[in-house]
There are 2 protein chains.
Amino acid sequence: MQLHVHARVTRLNPDRLFGQVAHRLAVAIITGTSPTGALLPNEDDLKDEISVSRTAYREAVKFLSGKGLVEARPKSGTRVAPREAWNLLDPDVLAWHFEADPNEKFIRDLFELRLFVEPSAARLAAQRRSDADLERIEAAFRGMVENPPYAEPTVSADLAFHEAIFAATRNPPLQCLAPAVSATIQWSLFLKAPDDQFFFTASLIDHERVLEAIVRRDGDLAAARMSGLVIDSLNSTLRLLAGRTQPEAARNA
Amino acid sequence: MQLHVHARVTRLNPDRLFGQVAHRLAVAIITGTSPTGALLPNEDDLKDEISVSRTAYREAVKFLSGKGLVEARPKSGTRVAPREAWNLLDPDVLAWHFEADPNEKFIRDLFELRLFVEPSAARLAAQRRSDADLERIEAAFRGMVENPPYAEPTVSADLAFHEAIFAATRNPPLQCLAPAVSATIQWSLFLKAPDDQFFFTASLIDHERVLEAIVRRDGDLAAARMSGLVIDSLNSTLRLLAGRTQPEAARNA
DNA sequence: TCGCGGATAAAGTCATACGATAGAAACAGG
DNA sequence: CCTGTTTCTATCGTATGACTTTATCCGCGA
């Protein structure tokens, strides 16, 4: 997949060696290359395999264990934790998913979560926003309008729009869901054909309507319009997901 | 505060040394003893202070950095990250909050999040539950009825009830919010006067009504009743939070 | 005043050694 | 033959010291 999204809130420093090891292990776990319960390469064996010291390796494992991806116990070894233990809402875990093939179920689940949370967030944002919050949201929207569709700055502006809405809720725990929403958006944009002008325009209108409701401080309206936005995005993404498998089948025929 | 809740899903092994260090640092950070931007004890100095090797200390820091609590950079040192970077929905981070004094704003925020998410989860659970899911939810409810109010098994059963509902949604990312809901419940139970028989009975009825809706596979009803449950819980918790500061003020008068 | 560059302090990495523990295997007793 | 116990050993956990890398700081020179 190799989609390299600008993971802003990511905690892993890719420059450091332990970070590279952690990344490597994480991707292997998430893609399923290392299945649940599998022993990770023995700490001693590993240094032969990728020539890294135990120190770096162990720090990588500690990093991953904090996210529930692995579980280390003396003697029994370090094993891949069951998926139920993974913190799927962790920004790093979400980002690592981009290096695996798109998992339709996962993307649907994320959209479902988003559909529950984001309209409520928009309601709060409309009710609680400061002028500075509004300015931030508007700036993001301008960024979406003034840049070419699906270009990098446009995507960033889209993410910033939604993130700014979360920020305006003034609810820190709720804001922790912003990365999940960002990931969902990035999945949908990634899957999208870059020439889908129609969808882009529709999305822009959806965003504008949400913005307007927030300007008017109309919470219920903002929530309703955000629902509409998410549903539109979901529908077009589902079409694209269906389309991804379609050509394969046709090609085989 | 010293409330020692059974943090089931916690990733930190308290038996190991690095785990104790991580715990210690985390609590200092969350309580604000180490304010944002504060340098953590220098890796070399630290070994004098708490007599632990750099290895254990560094692994603790790696664990915390994965949750966004700290940020380490060469030369500048390891610093406490700003609160916006913290992953407040991480099970460990939530658990560590129990060792700080109750923060009313934080508890309200958690309730707010819960109010957005849990009714929707109940709806999905009602629609998608298997018989096994239902059995699990019912078992938890029985656990609440058959044990004395506010006793440890009762609390566990309460948490299990809500967790089972999340499990029945069959949405793994959504399930990652279960720890946040559990934390909210534990806060409210912790604050509660243990002899508040009235609230306990009311809560039991709320739970029973949710359960019944799930039995009937009535999603809308389940959502509505879960909303009622959360709101009831929120209201009584807010009364208790107000009561906590009230006596102080009265005492000072 | 500004920019460059070296000194420096702190984290990052490595190698090695030893301790602790939980599985596994060997063994003894029924 | 089965079961419980002991011993063994592989593996993680911890400690230590040395070296490397990086970014900040500060002073020098243009």
Side-chain angles (χ1 to χ4, degrees), chain A residues 10-26 28-29 34-82 85 92, chain B residues 10-26 28-29 34-82 85 92:
Chain A
T10 242
R11 274 91 195 221
L12 199 57
N13 188 340
D15 296 338
R16 303 267 81 83
L17 187 50
F18 92 90
Q20 295 166 26
V21 175
H23 182 270
R24 208 178 130 149
L25 293 174
I29 291 170
S34 305
T36 295
L39 257 71
L40 262 59
N42 181 303
E43 290 188 353
D44 290 330
D45 301 349
L46 185 117
K47 58 188 291 186
D48 300 337
E49 188 185 333
I50 57 178
S51 63
V52 71
S53 74
R54 255 186 91 199
T55 308
Y57 171 76
R58 282 182 55 79
E59 291 183 3
V61 166
K62 282 291 165 295
F63 192 86
L64 298 184
S65 78
K67 299 172 187 303
L69 292 189
V70 302
E71 207 168 350
R73 287 215 308 270
K75 168 63 186 176
S76 57
T78 305
R79 292 174 178 278
V80 177
D92 291 305
Chain B
T10 242
R11 274 89 197 224
L12 200 56
N13 188 341
D15 297 337
R16 301 270 84 81
L17 187 49
F18 91 87
Q20 296 167 26
V21 175
H23 182 270
R24 211 179 128 149
L25 292 174
I29 291 170
S34 304
T36 295
L39 257 71
L40 263 61
N42 182 306
E43 290 188 351
D44 290 329
D45 302 349
L46 186 120
K47 58 187 294 185
D48 301 336
E49 188 185 332
I50 56 178
S51 63
V52 69
S53 75
R54 256 187 89 199
T55 309
Y57 171 75
R58 282 182 55 79
E59 291 184 3
V61 166
K62 282 291 164 293
F63 191 86
L64 298 184
S65 78
K67 299 171 187 304
L69 292 188
V70 301
E71 208 168 349
R73 287 216 309 270
K75 169 67 182 178
S76 53
T78 304
R79 293 173 177 280
V80 177
D92 291 305

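The analysis underlying the following values was restricted to heavy atoms, covering all of them including side chains, and did not include hydrogens, waters or symmetry mates. So that the names make sense, note that chain A is the first sequence line, chain B the second, and so on, each numbered from 1.
- For B/Ser76 against C/dA10, no side-chain N or O and base N or O form a donor-acceptor pair under 3.5 Å.
- For B/Arg11 (side chain) and A/Ala85 (main-chain N/O), a donor-acceptor pair under 3.5 Å exists by modelled atom type.
- As a whole-Å value, the separation of A/Arg58 CZ from C/dT16 P is 17 Å.
- Side-chain atoms of B/Ala56 lie closest to D/dA15 of the nucleotides C/dA15, D/dG13, D/dA15.
- A/Glu59 has its CD atom 13 Å from the P atom of D/dT14, to the nearest Å.
- Taking OG1 of B/Thr36 as the start and CZ of B/Arg79 as the end, the distance is 11.5 Å to the nearest 0.5 Å.
- Residue order along DNA chain D, read from the 5' end via each residue's closest nucleotide, puts B/Leu17 first among A/Asp15 and B/Leu17.
- Between A/Tyr57 atom OH and D/dT11 atom C1' the separation is 11 Å, expressed in whole Å.
- Contact annotation: the side chain of B/Glu71 never approaches that of B/Ser76 to less than 4.5 Å [non-hydrogen atoms, C-beta and beyond].
- If you measure from atom CZ of B/Phe18 to atom P of D/dA15, you get 13 Å, rounded to the nearest angstrom.
- Remark: B/Ser53 is not in phosphate contact with D/dT14, judged by side-chain N or O atoms under 4.0 Å from OP1 or OP2.
- Atoms NZ (B/Lys75) and P (D/dT22) sit 15 Å apart, rounded to a whole Å.
- With hydrogens and angles ignored, no donor-acceptor pair under 3.5 angstrom links the side chain of A/Arg73 to the base of D/dG13.
- Taking side-chain N and O atoms only, B/Lys62 has no distance below 4.0 Å to OP1 or OP2 of C/dA11.
- Between B/Thr78 and C/dA10 there is no side-chain polar atom (N or O) within less than 4.0 angstrom of OP1 or OP2.
- Counting atom types as modelled, A/Arg54 pairs a side-chain N or O with a base atom of D/dG13 as donor and acceptor under 3.5 Å.
- One interatomic measurement links the two molecules: CG of B/Asn13 to P of D/dG13, which rounds to 8 Å at whole-angstrom precision.
- In this structure, the nucleotide among D/dT14, C/dT13, C/dG12 sitting nearest to the side chain of A/Thr55 is C/dT13.
- With A/Glu59 contributing its side chain and B/Glu59 its backbone, the two residues share no donor-acceptor pair below 3.5 Å.
- Annotation: of the two residues near DNA chain C, B/Ala72 and B/Arg16, the 5′-most nearest-nucleotide partner is B/Ala72.
- Computed from coordinates, the B/Arg79 CZ to C/dA11 C1' distance equals 13 Å when rounded to whole Å.
- A/Val21 is not listed as a side-chain neighbour of A/Arg24, based on a closest heavy-atom distance of 4.5 Å or more.
- Between B/Glu71 atom CD and C/dA11 atom C1' the separation is 13 Å, expressed in whole Å.
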